[in-house]
Amino acid sequence: MDIKDAKYEKGGNTEVNSIVVTLNSGGILVVPLANDNSDYVEIMKRVKAGTLTIKDAD
Amino acid sequence: MPIQRAKINKTKQIVNLEAGAITATQLNSQAQSSSNRNLIINGDMTVSQRGSSWTTASGYGDYTIDRWMTGHTVTGKFSSAIVEEAPAGFKYSWKATSASAYSVGASEEFIVRQKIEGSNIRHLALGSASAKTVTLSFWVKSSLTGTFTGAFLNSAENRCYIFTYAISSAATWEKKEVTVTLDTTGTWLTASNIGLTLYFSLGAGTNLVGTAGSWAGAKDLTVSGAVNFVGTNAATWQITGVQLEVGSTATEFEHEPYERTISRCLRYFHRIEGHNCREFAGYNENTTKGLHVFRHPVKMRGVPTLGVSSTASNYIIAYSNTQTACSATLVFNTTNAEGVTFYSTVASGLTAGGASALRNIDYIDLIAEL
């Protein structure tokens, strides 16, 4: 996952429910906040390692 | 001779009514012909929802053909494709082509692998004294000859078993068989997470060198002196007919009906190609948002990621006699392993409460890979 940008998303709800990831290779991933989702696990690893910052939701 | 009719006689022998007493070999052969014995999904490389060729231009790992993922510490050292070139009885193989004569660094790795879901390996009893013996078989062809390697690893990548196989003739399909007594120690997950991963090495550095033929508490992928495929410019390596099964004998590859293989793949990845028709029914929640429903054809492994085009206008809301291109990316309303509801957004013009449908003219991916 070659991430260009990441931003929390509420998806029309009042609470954040996903992360919208823009990829350098093109395309967008909408990643649910779910521990059994390997994309979410990978994103959180990068956040923990300090290599990725997720922007706040609008 | 196949066993068609059998009975037990007075001396408690099983008797084949067509051919006399049944031998142990016959019984074993009959058992081996049973279905669902291949732990590898898409071992004959028939399902490829993500296209037909791939680069290693970014990140560490990229899925290629369904269930098969490349890994590369350094980008751009090889590419891969699905090709119509295979040994008799197969149609497709997965082909890697080296991009340069690269000198592999000590901690670098170049691999193709398949992660097997934990719930599919419970019967192997990994990590216990009852661990089973399994046999891996595959067809391989390379422009290079020599000793190649692969490995089995657990989820934490702290238990590994390296195996070797020799390619003796360049550009010739050869069938390889590897029998492994599975690990009696270590932690092996058996839920909907990574249970066991099969690696084929296309190049690995000295820090990943171990000993073949025994389990070790490390992540090792190769042995000293093995071929580093990425070290030869334009080298090719192809594989198909990959089967991993319980027992110490490799049986004939289990050819599944296509619908069976793709159904197994859909648990992890589903690409809905754009057919430019009204596919996703829903309603307009307000004047700018449509809410659409999609039920997965098979229960996915976990809560999936939604993959969409970065061009919002590749999705169009159709309502009444009007169609309006989206002005923002599709996003989840809710998502789970059985289905999703997602929002589409336009600048204005929808009628709140009215019915609508979404036209997809590019793609929508649902991704629940391991």
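Below, read A as the first sequence line, B as the second, and so on, with proteins coming before strands; counting in each chain starts at 1.
- Taking the side chain as every heavy atom from C-beta outward, D36(A) and N193(B) never approach each other to under 4.5 Å.
- Chosen from F332(B), Y343(B), Y363(B), the residue pairing most often with chain A at heavy-atom distances under 4.5 Å is F332(B).
- In plain terms, the two heavy atoms of T335(B) and P32(A) that are nearest each other are CG2-CB, 3.7 Å.
- Just one residue in the list V20(A), V30(A), I28(A) forms a side chain to side chain contact (heavy atoms under 4.5 Å, CB included) with L306(B), and that residue is V30(A).
- When heavy atoms are compared at a cutoff of 4.5 Å, N37(A) approaches chain B by way of both its backbone and its side chain.
- At a 4.5 Å heavy-atom cutoff, the contact between S309(B) and chain A is made by backbone atoms alone.
- At least one side-chain heavy atom of L29(A) sits less than 4.5 Å from a side-chain heavy atom of I367(B).
- Summarising the geometry, atom OG1 belonging to T305(B) is positioned 3.5 Å from atom CG belonging to D39(A); distances are rounded to the nearest 0.5 Å.
- Across R301(B) and S38(A), no two heavy atoms sit closer than the pair NH2-N, 4.1 Å.
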